[in-house]
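Positions are given from 1 along the sequence. The structure presented is a predicted model; accordingly, all values stated were derived computationally and were not measured.
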Amino acid sequence: MRYWLHLLFVLIWLSLLEHAETRRASFKPKPPQKPKQTEAEKAVEKLTPSQNIDISQMSGRWYLVSVISRCKTLLEKGFKLESTTIDVEINGNKLSVVTITKLNYECWEIRQNYMTTKTPGHLILKGKRSAVDVDIFVVETDYSTYAILVFKKGKKITMKLYGRSGIVPDNVVDKFEDRAKIFDLGLDLLSQYPHYGFCESVDKVL
């Protein structure tokens, strides 16, 4: 009789223990779910040059035609944007890029080095620390007329359209704007640069 009473007690105790564990599990907070990525975020992660870029053909002078960006400083300038050129020279594993533009009515020369990577068309502008490095992708170019570049800093995307002259064909502009939509960048974020009034000499070097 004692044996059966003991067995009954053990079974009741196990039942109560299992019930308590079930209740604790039901009240256990669930880890927060990551929000689903948007199509634009997926496009940023998969960002790569769209063709086998021959970076050596990027050398020479380019004119900045348009920029699409959420940069507040750029958007606030609006019609005050100044004509801008870049001169690209290939030096081993880097591109020496000289930007010439007007700042406060003076012509400035800004020098930067874009480092090449193992992926053709993928460059890196080194920051003071790796977290502020800028990935640069030449996503499309014909070398002689236009080049579409994407600048990625963290999750922020900026697109730039360059031309071998200050004006590019309409179909290239359309292509540039269509590509921007992939990254959820609309025409309300478009900044158009003037194709006149370029600096003929430099006042200051940065």
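Considering all non-hydrogen atoms of both residues, I68 and G186 come closest at CG2-O, 3.9 Å. Residues P169 and T145 approach most closely at CD-CG2, 3.7 Å, considering heavy atoms. Taking each heavy atom of L81 and S191 in turn, the nearest pair found is CD1-CB, 3.5 Å. Of all non-hydrogen atoms in K102 and C107, the two that sit nearest each other are CG-SG, 3.9 Å.
Residues V138 and Y143 form no side-chain contact, since every pair of their non-hydrogen atoms from C-beta on lies 4.5 Å or further apart. Looking only at side-chain heavy atoms (C-beta outward), E177 and L190 come within less than 4.5 Å of each other. By the 4.5 Å heavy-atom criterion applied to side chains, L185 and I157 are counted as neighbours. Taking the side chain as every heavy atom from C-beta outward, W62 and T141 approach each other to under 4.5 Å. Counting only heavy atoms from C-beta outward, the side chains of I86 and V98 never approach each other to under 4.5 Å. Annotation: side chain of L125 is not in contact with side chain of D133 (no heavy-atom distance under 4.5 Å). In this structure the side chain of T158 never reaches within 4.5 angstrom of the side chain of V150, judged on heavy atoms. Under the 4.5 Å side-chain criterion, counting only non-hydrogen atoms from C-beta, T99 is not in contact with L64.
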- Task: Output, in order, the C-alpha distance, side-chain angles, deciding distance and verdict of side-chain contact (heavy atoms from CB on, under 4.5 Å) for D87 and I100.
- Result: CA-CA 8 Å; D87 290 298; I100 300 177; 4.2 Å; yes
Could you walk me through whether L149 and I136 pass the side-chain contact (heavy atoms from CB on, under 4.5 Å) check? CA-CA 7 Å; L149 274 65; I136 304 166; 3.9 Å; yes
Start with the C-alpha distance between I55 and L123, add both sets of side-chain angles, then the distance that settles side-chain contact (heavy atoms from CB on, under 4.5 Å), and finish with yes or no.
CA-CA 10 Å; I55 208 69; L123 309 164; 4.2 Å; yes
side-chain contact (heavy atoms from CB on, under 4.5 Å) evaluation trace for N113 with V97: CA-CA 6 Å; N113 289 318; V97 180; over 6 Å; no
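V132 forms part of no hydrophobic cluster, judged by ILVMFWY side-chain heavy-atom separations under 4.5 Å. Grouping Ile, Leu, Val, Met, Phe, Trp and Tyr residues whose side-chain heavy atoms lie under 4.5 Å apart, directly or via other members, places F198 in a hydrophobic cluster with Y63.
Within the structure, the ring pair (Phe, Tyr, Trp, His ring centres under 6.0 Å) test picks out no pair touching residues 149-180 (sequence neighbours left out). The ring pair (Phe, Tyr, Trp, His ring centres under 6.0 Å) pairs that include a residue from residues 101-138 are H122-F137, where partners are two or more places apart or lie in different chains. Listed by first and then second residue, the salt bridge (Lys or Arg N to Asp or Glu O under 4.0 Å) pairs involving residues 104-118 are E106-K204, E109-R111 (not counting sequence neighbours). Residue pairs meeting the salt bridge (Lys or Arg N to Asp or Glu O under 4.0 Å) criterion with at least one partner in residues 157-176, sequence neighbours excluded, are E140-K175.
Here CD of E82 is found 7.5 Å from OG1 of T84. Values are rounded to the nearest 0.5 Å. Distance CZ/F183 to NZ/K152: 10.5 Å, rounded to 0.5 Å. Atom OH of Y193 is separated from atom OG of S83 by 10.0 Å, given to the nearest 0.5 angstrom.
When atom types are taken as modelled, the side chain of T116 and the backbone of N93 share a donor-acceptor pair closer than 3.5 angstrom. The main-chain N or O of S96 is never found under 3.5 Å from a side-chain atom of N91 such that the two would form a donor-acceptor pair.
V205 and I110 end up in different hydrophobic clusters when Ile, Leu, Val, Met, Phe, Trp and Tyr side chains are linked at under 4.5 Å. V88 and I124 are members of different hydrophobic clusters when ILVMFWY side chains are connected at heavy-atom separations under 4.5 Å.
A donor and an acceptor atom, one from each side chain of S59 and E89, are nowhere located under 3.5 Å apart.
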